Amino acid sequence: TFPHTPTWKKEDVTYRILNYTPDMLQADVEEAIARAFQLWSSVTPLRFTRVYNGQADIMISFASGFHNDFYSFDGPGGTLAHAYAPGSGIGGDAHFDEDENWTKFTTYSGYNLFLVAAHELGHSLGLSHSNVFGALMYPTYMPVDTRDYQLHQDDIDGIQALYGPPKESSALPTKAFPPQEPTEMIPAEAPTETSPREEPTETTPSKPPQRPDDCDPHLTFDAITTLRGETLFFKDRYVWRKSPYFSEIEHDTIFSFWPSLIAGFDAAYEVDNKDRVLFFKDDQYWAVSGYSIESGFPRPIQNLGFPTSVRKIDAAAHDQNTKRTYFFVGNKYWSFNENTQSMERGYPRKIAADFQGISHPVNAALQKNGYFYIFHGSNQYEVDIKKKKLIRIMKSNSWFDC
Amino acid sequence: FPVAPEKEKEDLQFAKKYLESFYDFKEEKTLFRAKDLNQMSDKIREMQSFFGLEVTGELNHKTLDIMKQPRCGVPDVRSYS
């Protein structure tokens, strides 16, 4: 909390939206802010009412650069918004930097207004920053899936330390606006018209499967790839991120990195000297560079040289030294020459012929430090790439320090 | 996905401004350069501790990386008024 723990000494708090950003429809701005207030009203006795003129407790506005307080904004990026602790006058007010691109959904071309507003309103209610990674009151912006966004326990503990839990009857949404669930999803970059599967299939927020525990002995993966020195493990819509910079595993969703990609990959691999990762799902594949999806994708996997009889691939891994990518399909595997962009002659070959002791189908494959790691069920096989010799068998989730 | 920054001086300036904005760093020019650097190093330590980074007091890659992330304009330390 702030010095002297300032709070609102009443349960009915008013807010007013003074102006709008041209980045979003007015209705979307209002909805994002109403949803942000509802996050806090659902865990406290507080009730938020919107007023349309005069002085409200919390005045909300968009401004660029200097805007009549001591904290000028700094153009695109950097500081996105700020807010003042409860109090009269400027107290409680929230300011948003108009030089940012405000968006309704979590994309990588802008900042989700709901997420930033929810954070700033935490300040407007008396919360300072939290150093708990993943908490809403953590100081840095974290693009996460907002469809069924929940407050972190740290945020709930903080705000209830100031106002207590909700009274049974008042745990209802804000008076002024009933919250709206997002009814459509706008991908960060519209997919091309060529493929019949442009629309993501997860358009209605049904209950997603829970993310398995890191150390679940039965944990298997859909796909695994390296990406700029990190290793990403995919299962359904979840991502386990292992970074050389941070010791603990970070949990994300595919949506939070690539909102327009459909969850549930079949395979993925990185061609690191091109800073490019390819994702495979059914008979299509996408190429991404960092967060952005290369234009012209998705493309049919037949473009890579697979016969039409191949409708999906199981796993893929790229060997940096030979510039060959191995695609595993059923009991066979293909070798793709990344330099010539063509499948090698003499393939497919039987996995059993060249990779003794490895069961199929292969769930996922990873290349790291000169070894292939081939995953089947809850086992992973460490293979010397040059000799194609099985070195050892480990548990699939051995990367998570279980 | 971090990409390594290049220009040291520019980074130092950026870090100073960051620490002034969010960690109540006040650059008081004293006669002793070493003392200046000490004060800044203290603030870097404070910021590293807040973000759970290894506390070294040095403006290393990871520390700079977090400083460059888009963020809220409210300071992280209590001196906010």
Side-chain angles (χ1 to χ4, degrees), chain A residues 1-4 6 69-74 76-85 87 94-97 100 110-111 115-116 119-120 122-124 127-133 136-143 227-230 232 241 243-248 257 275 277 288-291, chain B residues 1-28 40-81:
Chain A
T1 60
F2 293 104
H4 314 298
D69 66 9
F70 291 107
Y71 296 96
S72 300
F73 284 134
D74 54 358
T79 299
L80 305 180
H82 56 221
Y84 293 84
H95 303 164
F96 297 84
D97 187 348
E100 314 299 347
Y111 298 100
L115 268 180
V116 178
H119 174 98
E120 298 308 327
H123 291 316
S124 303
L127 284 180
S128 183
H129 281 151
S130 159
N131 63 4
V132 172
F133 184 76
L136 174 64
M137 294 314 292
Y138 193 72
T140 55
Y141 176 79
M142 215 175 309
L227 192 151
R228 290 182 182 172
E230 304 189 11
L232 306 181
R241 179 181 180 186
S243 161
Y245 301 117
F246 302 104
S247 54
E248 73 277 10
F257 292 125
D275 189 26
V277 171
V288 303
S289 179
Y291 302 127
Chain B
F1 302 108
V3 176
E6 281 86 30
K7 299 172 247 15
E8 227 175 274
K9 193 163 173 302
E10 193 181 314
D11 289 337
L12 187 61
Q13 278 310 312
F14 180 86
K16 264 183 196 162
K17 188 153 178 8
Y18 184 95
L19 294 171
E20 282 166 358
S21 302
F22 306 114
Y23 285 85
D24 198 25
F25 170 56
K26 292 189 182 50
E27 189 179 15
E28 287 147 30
M40 186 165 172
S41 189
D42 286 343
K43 286 300 176 184
I44 290 175
R45 250 190 284 279
E46 196 174 345
M47 177 259 178
Q48 285 167 336
S49 162
F50 183 93
F51 282 99
L53 296 172
E54 189 190 357
V55 180
T56 62
E58 284 164 24
L59 194 58
N60 56 31
H61 170 73
K62 280 190 273 186
T63 305
L64 253 181
D65 206 46
I66 289 206
M67 286 183 172
K68 291 193 172 179
Q69 288 180 15
R71 59 162 290 154
C72 169
V74 172
D76 298 332
V77 290
R78 287 184 161 280
S79 64
Y80 172 73
S81 62

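Residue numbers begin at 1 in each chain, while the letters A, B, ... track the order of the sequences. Nothing here was measured: the structure is a model prediction, and the numbers come from that model.
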- Message: Quick check: do A:Tyr111 and B:Pro70 have side-chain heavy atoms less than 4.5 Å from each other?
- Response: yes
- Item | Where B:Ile66 and A:Thr140 come nearest, the two heavy atoms and their spacing | O-CG2, 4.3 Å
- In terms of heavy-atom pairs under 4.5 Å with chain B, the winner among A:Val116, A:Leu80, A:Asp74 is A:Leu80
- Task: Run the numbers on B:Phe22 and A:His129 for side-chain contact (heavy atoms from CB on, under 4.5 Å), then give the verdict.
- Result: CA-CA 11 Å; B:Phe22 306 114; A:His129 281 151; 6.0 Å; no
- For chain B, the option from A:Ala81, A:Gly229, A:Pro6 that forms the most heavy-atom pairs under 4.5 Å: A:Ala81
- Query: Can you say whether A:Glu120 sits under 4.5 Å from chain B via the side chain, the backbone, both, or neither, judging by heavy atoms?
  - Reply: side chain
- State, with a plain yes or no, whether a side-chain heavy atom of B:Cys72 is found less than 4.5 Å away from one of A:His123. yes
- Query: What is the minimum heavy-atom distance between A:Ser130 and B:Phe50, and which atoms define it?
  - Reply: O-CZ, 3.4 Å
- Bottom line for A:Phe133: the part with an atom under 4.5 Å from chain B's heavy atoms is neither
- In terms of heavy-atom contacts, does CD of B:Glu54 have more than 12 from other residues, nucleotides or ligands at under 6.0 Å? no
- Portion of B:Tyr18 that has a non-hydrogen atom of chain A nearer than 4.5 angstrom: neither
- Message: Please give me the minimum heavy-atom distance between A:Ala83 and B:Val74, naming the atom from each residue.
- Response: O-CG2, 3.4 Å
- Which atom pair, heavy atoms only, marks the closest approach of B:Pro75 to A:Ser128? O-OG, 4.5 Å
